[in-house]
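Structure first, then comments.
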Amino acid sequence: MPELPEVETYRRFINELAVGQTIAAVRVNDAHVLALPEAELRAGLVGRRLVATHRLGKNCFLELDNGRILVLHFGMTGDIGAYRDPADAPRFVRVAFALEDSGLNLAFIDPRKFGRIRLAESVEAYGKAKKLGPDALVITAAELQAKIGHRKTILKPLLLNQNLLAGLGNWIVDDVLFQAKIHPERLANTLTPKEFAALHRATQHVLSTAIRHEANYREFPLNFLIHSRGWDTSAAPDQSVHEYCPRHLKTRIEKSYVGGRATYVCPKCQPRPTS
DNA sequence: ACCCATGTTCTTTG
DNA sequence: TCAAAGAACATGGG
C-alpha cells in the first residue's frame, strides 16, 4: 500500500489524531523496525508534543515541539492504525505511541517488517541523507525532463528511483505510463517533449486521484490500470480482475517483468519500442 | 507446498 | 563510473 497516496492518507490521519498531543509512552513490540536503539527513540519522544506533520515522497514526518522529527517509512506492507484498549490492538502492531490527552495509541503496523522508524534533526536533513529527489506532486514537467531526459536507460526503473523524484511506486508507475501511453521499456532519452508533458500530467492525475480516494484502489476510476493487477480477490469473480484494456476492450493487458518488477501494459496504448 | 507481493539497499556482473 | 541483474530482507496470503 505505501506509495505516495497511501502515505499522504496516513499523514492526514495522524494529523487529525495526534497533532497537539504529547507522547506519554512508546511501546515496542518488535525492535526490528527501529533504525535506532529503542532507548534512544524513547528518550527522544516521551514527554514531547507533536506539533505538525509533513511528507516527502513515501516518508511521513511527525514534527516534535523541539524541532526534531519522527520519521516513518512504511516499507511494502506498513500501515497506520489507532486503538484505545490494548485488547483491541490490530494485528502486526510493531510499535505504538501512547498519546497522553486522548488516551489513544497510534500504531505502526507492518506485517513484513520492511518499514523503519527513526529520528531526524529536520525534514531537510533526512531528505539530504537519503538523497531524495523532489516530491512527485511538487516536481515540474521541466524539472522532470531535465532530470531524466538525457538518460539512455529504461524509463520505468528511473521513475521508481527515489533519488530522482520521490513518491512513485510500482503500481503508480504502471498507471502513469498507461495514462501517458508510454511503454515502460522506452529509453528515457527517446521521449519527445510532448511525451514528457503527458508523463508529468499523468503523474499529477494518478496521484491526485488516488489521494482523493484515500488510496482505496477499489474506488479508483475504471480506466485505471490498477484494476488489472488481480489484487481484488474478495470481489465477485466477474469483477475481480479486469483482463482487458479499458480503452481497447478486446486487447488483453499483458504482464511482464521490467527492472525485476511486475509490470502491466496495454500493448495497443503503449507500443513496445522497436530497438 | 509453492509462488507472489505496493520497497530499499547491497552485491555482483558486464 | 555506470547500469543492469540478482539477492537479501521477513512474512502473510492465495
Side-chain angles (χ1 to χ4, degrees), chain A residues 1-11 29-35 55-60 71-80 90-95 108-118 126-127 129-133 135-136 147-148 150-178 184-190 203 206-207 209-211 213-220 224-237 240-241 255-264 273 275:
Chain A
M1 314 193 146
E3 299 186 28
L4 190 154
E6 289 88 346
V7 178
E8 175 62 16
T9 303
Y10 301 162
R11 185 194 68 77
N29 293 334
D30 192 328
H32 192 93
V33 298
L34 302 185
R55 184 191 55 73
L56 173 55
K58 304 171 191 174
N59 301 277
C60 186
V71 186
L72 305 181
H73 189 284
F74 298 96
M76 276 181 92
T77 57
D79 198 357
I80 280 290
R91 276 184 91 188
F92 309 121
V93 173
R94 305 305 185 188
V95 175
F108 183 85
I109 300 166
D110 188 8
R112 212 168 143 184
K113 299 196 276 195
F114 286 172
R116 288 295 178 269
I117 295 174
R118 39 173 59 88
Y126 176 80
K130 291 286 174 186
K131 299 188 170 77
L132 295 174
D135 188 84
K147 279 202 182 257
I148 68 177
H150 64 285
R151 311 226 4 192
K152 298 179 187 174
T153 57
I154 290 175
L155 183 59
K156 176 166 173 175
L158 287 178
L159 296 175
L160 288 172
N161 185 341
Q162 305 296 299
N163 302 154
L164 299 175
L165 73 168
L168 302 189
N170 200 35
W171 79 255
I172 288 184
V173 166
D174 280 4
D175 239 306
V176 164
L177 291 171
F178 173 69
E185 292 176 274
R186 288 278 301 282
L187 302 185
N189 68 341
T190 67
T203 303
V206 171
L207 291 175
T209 302
I211 291 170
H213 293 287
E214 298 181 328
N216 294 312
Y217 61 85
R218 283 171 220 219
E219 298 172 11
F220 293 176
F224 270 47
L225 198 59
I226 196 170
H227 301 295
S228 299
R229 297 195 150 245
W231 288 357
D232 209 347
T233 48
S234 65
S240 59
V241 181
K255 179 183 179 181
S256 65
Y257 286 85
V258 176
R261 314 288 259 110
T263 298
Y264 293 75
S275 60

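Chain A is the first sequence line, chain B the second, and so forth, proteins listed ahead of strands; every chain is numbered from 1. Computed from a predicted structure; not experimentally measured.
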Which nucleotide in C:dG12, B:dA5, B:dG7 has an atom nearest any side-chain atom of A:Ala262 = B:dA5
note = Of C:dG12, B:dT8, B:dT9, the nucleotide closest to the side chain of A:Lys130 is B:dT9
Round to the nearest Å and state the distance from [X] atom [atom1] to [N] atom [atom2].
{"X": "A:Asp174", "N": "B:dG7", "atom1": "CG", "atom2": "C1'", "value": "15 Å"}
{"X": "A:Leu158", "N": "C:dC2", "atom1": "CG", "atom2": "C1'", "value": "12 Å"}
{"X": "A:Met76", "N": "B:dT8", "atom1": "CE", "atom2": "P", "value": "10 Å"}
{"X": "A:Asn59", "N": "B:dT9", "atom1": "CG", "atom2": "C1'", "value": "14 Å"}
{"X": "A:Asn29", "N": "C:dA10", "atom1": "CG", "atom2": "C1'", "value": "17 Å"}
{"X": "A:Arg261", "N": "B:dC3", "atom1": "CZ", "atom2": "P", "value": "19 Å"}
{"X": "A:Leu168", "N": "B:dG7", "atom1": "CG", "atom2": "C1'", "value": "13 Å"}
{"X": "A:Lys113", "N": "C:dG12", "atom1": "NZ", "atom2": "P", "value": "8 Å"}

Taking only residues two or more places apart in sequence or in another chain, which ones pass side-chain contact (heavy atoms from CB on, under 4.5 Å) with [X]?
{"X": "A:Lys255", "result": "A:Tyr257, A:Ala262, A:Tyr264"}
{"X": "A:Lys130", "result": "A:Arg118, A:Tyr126, A:Leu132"}
{"X": "A:Thr153", "result": "A:Arg151, A:Leu158"}
{"X": "A:Thr9", "result": "A:Glu214, A:Ala215"}

key: A:Asp175 side-chain N/O to A:Leu225 backbone N/O, donor-acceptor pair under 3.5 Å   = yes
message = So does A:Gly167 get a backbone contact from the side chain of A:Glu3, meaning a donor-acceptor N/O pair under 3.5 Å?
response = no
inquiry  = So A:Phe74, base contact, sugar-phosphate only, or nothing? Heavy-atom distance under 4.0 Å.
reply    = nothing
query = Reckon A:Arg91 touches a base, only the sugar-phosphate, or nothing at all at heavy-atom distances under 4.0 Å?
reply = sugar-phosphate
remark   = Residue set satisfying side chain to side chain donor-acceptor pair (under 3.5 Å) with A:Asn29, at least two apart, ordered chain then number -> A:Arg27
ask   = What residues, two or more places apart in sequence or in another chain, satisfy side chain to side chain donor-acceptor pair (under 3.5 Å) together with A:Lys58?
value = none
ask   = According to the Watson-Crick and G-U wobble definition with distances under 3.5 Å, which dot-bracket string, read 5' to 3', encodes DNA chain C, using [ ] for crossing pairs and | for pairs with another strand?
value = .||||||||.||||
message = Can you list everything that forms a ring pair (Phe, Tyr, Trp, His ring centres under 6.0 Å) with A:Phe224? Sequence neighbours excluded, please.
response = A:His205, A:Phe220
task = Quote, to the nearest angstrom, the P distance that separates C:dA10 from B:dT11.
result = 16 Å
key: Between C:dC9 and B:dA1 - C1' atom distance, rounded Å   = 22 Å
Is there a side-chain polar atom (N or O) of [X] under 4.0 Å from OP1 or OP2 of [N]?
{"X": "A:His73", "N": "B:dG7", "answer": "no"}
{"X": "A:Lys255", "N": "B:dA5", "answer": "yes"}
{"X": "A:Gln162", "N": "B:dT8", "answer": "yes"}

query = Which letters describe nucleotides 3-9 of chain C, given B = protein heavy atom under 4.0 Å from base, S = only from sugar-phosphate, - = neither?
reply = SS----B
request  = Locate the shortest heavy-atom distance separating A:Asn170 from A:Arg229; write the atom from each residue and the value.
outcome  = O-NH2, 3.8 Å
